[in-house]
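The structure appears below as structure tokens.
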Amino acid sequence: MPGDPTKIELRRRAFAVQLRRIRTDQGLTQEQVAHDAGMDRSFYVDIENARHSVSVDKVFAISDAIGVSIEEIFRGLS
């Protein structure tokens, strides 16, 4: 059906929700995470809003910045 989200879009949204949940659980701002991950805050915001697909390198940088493992970020996503 036209306008229905694709599987990729749904996964990107789930990833974004997971990042936001973990970040807020850690008590971090988007600005803190972006800075610590070496990226622009607006780019990070777009990741959390599912507007960007993110590289593996960026996922590792985000993982380090929020202090959780890659496994935690992807736990429950499929």
Side-chain angles (χ1 to χ4, degrees):
M1 183 170 243
D4 284 346
T6 67
K7 190 173 188 177
I8 291 171
E9 290 169 330
L10 292 172
R11 287 177 172 166
R12 189 179 299 153
R13 287 180 197 167
F15 178 78
V17 167
Q18 185 88 321
L19 278 183
R20 184 176 296 113
R21 181 192 60 76
I22 294 169
R23 177 184 57 76
T24 58
D25 286 353
Q26 298 286 27
L28 299 169
T29 66
Q30 291 174 328
E31 187 171 5
Q32 288 171 306
V33 173
H35 177 269
D36 292 348
M39 63 182 70
D40 187 74
R41 186 193 66 81
S42 65
F43 183 79
Y44 182 78
V45 169
D46 284 347
I47 293 169
E48 277 199 11
N49 287 308
R51 288 191 284 259
H52 283 301
S53 180
V54 63
S55 72
V56 172
D57 294 340
K58 294 287 188 201
V59 174
F60 276 104
I62 292 167
S63 170
D64 291 342
I66 60 178
V68 299
S69 68
I70 293 293
E71 292 83 6
E72 177 67 22
I73 291 175
F74 286 100
R75 186 169 290 132
L77 303 179
S78 61

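In this structure, Ile62 and Met39 have side chains that are in contact, with non-hydrogen atoms separated by less than 4.5 Å. The shortest distance between side-chain heavy atoms of Arg20 and Asn49 falls below 4.5 Å. Between Val54 and His52 the shortest side-chain heavy-atom distance does not fall below 4.5 Å. Using a 4.5 Å cut-off on side-chain heavy atoms (C-beta onward), Arg23 and Glu48 make contact.
Within 6.0 Å of the CG atom in Leu77, the count of heavy atoms belonging to other residues, nucleotides or ligands exceeds 12. Counted within 6.0 Å of CZ on Arg13, heavy atoms from surrounding residues, nucleotides or ligands total more than 12; the atom is thus considered enclosed. Residue Phe43 qualifies as enclosed at atom CZ: its count of foreign heavy atoms under 6.0 Å is above 12.
Smallest separation of non-hydrogen atoms from Ala16 and Ala50: CB-N, 3.9 Å.
Under a hydrophobic clustering in which Ile, Leu, Val, Met, Phe, Trp and Tyr are joined whenever their side-chain heavy atoms come within less than 4.5 Å, directly or via other members, Ile47 and Ile70 fall into the same cluster. Residues Leu28 and Phe15 share a hydrophobic cluster, clusters being chains of Ile/Leu/Val/Met/Phe/Trp/Tyr side chains in contact below 4.5 Å. In the hydrophobic clustering of this structure, Ile22 groups with Phe60; members are Ile, Leu, Val, Met, Phe, Trp, Tyr whose side-chain heavy atoms approach within less than 4.5 Å, directly or through other members. Ile66 and Val56 end up in the same hydrophobic cluster when Ile, Leu, Val, Met, Phe, Trp and Tyr side chains are linked at under 4.5 Å.
In summary, the side chains of Asp40 and Ser42 do present a donor paired with an acceptor at a separation below 3.5 Å, with no hydrogens or angles considered.
A search for side chain to side chain contact (heavy atoms under 4.5 Å, CB included) contacts involving Asp36 returns Ala65, not counting sequence neighbours.
Taking OG from Ser69 and CG from Asp64, the interatomic distance works out to 10.5 Å, rounded to the nearest 0.5 Å. In this structure, CZ in Phe74 is found 11.0 Å from CZ in Arg11, a value given to the nearest 0.5 Å.
Salt-bridge annotation for Glu9 and Arg12: absent, with no side-chain N of the basic residue lying under 4.0 Å from a carboxylate O of the acidic one.
Judged by distance alone, with hydrogens and angles left aside, the side-chain atoms of Gln18 form a donor-acceptor pair with the main-chain N or O of Arg75 at under 3.5 Å. Judged by distance alone, the side chain of Gln30 and the main-chain N or O of Val45 form no donor-acceptor pair under 3.5 Å.
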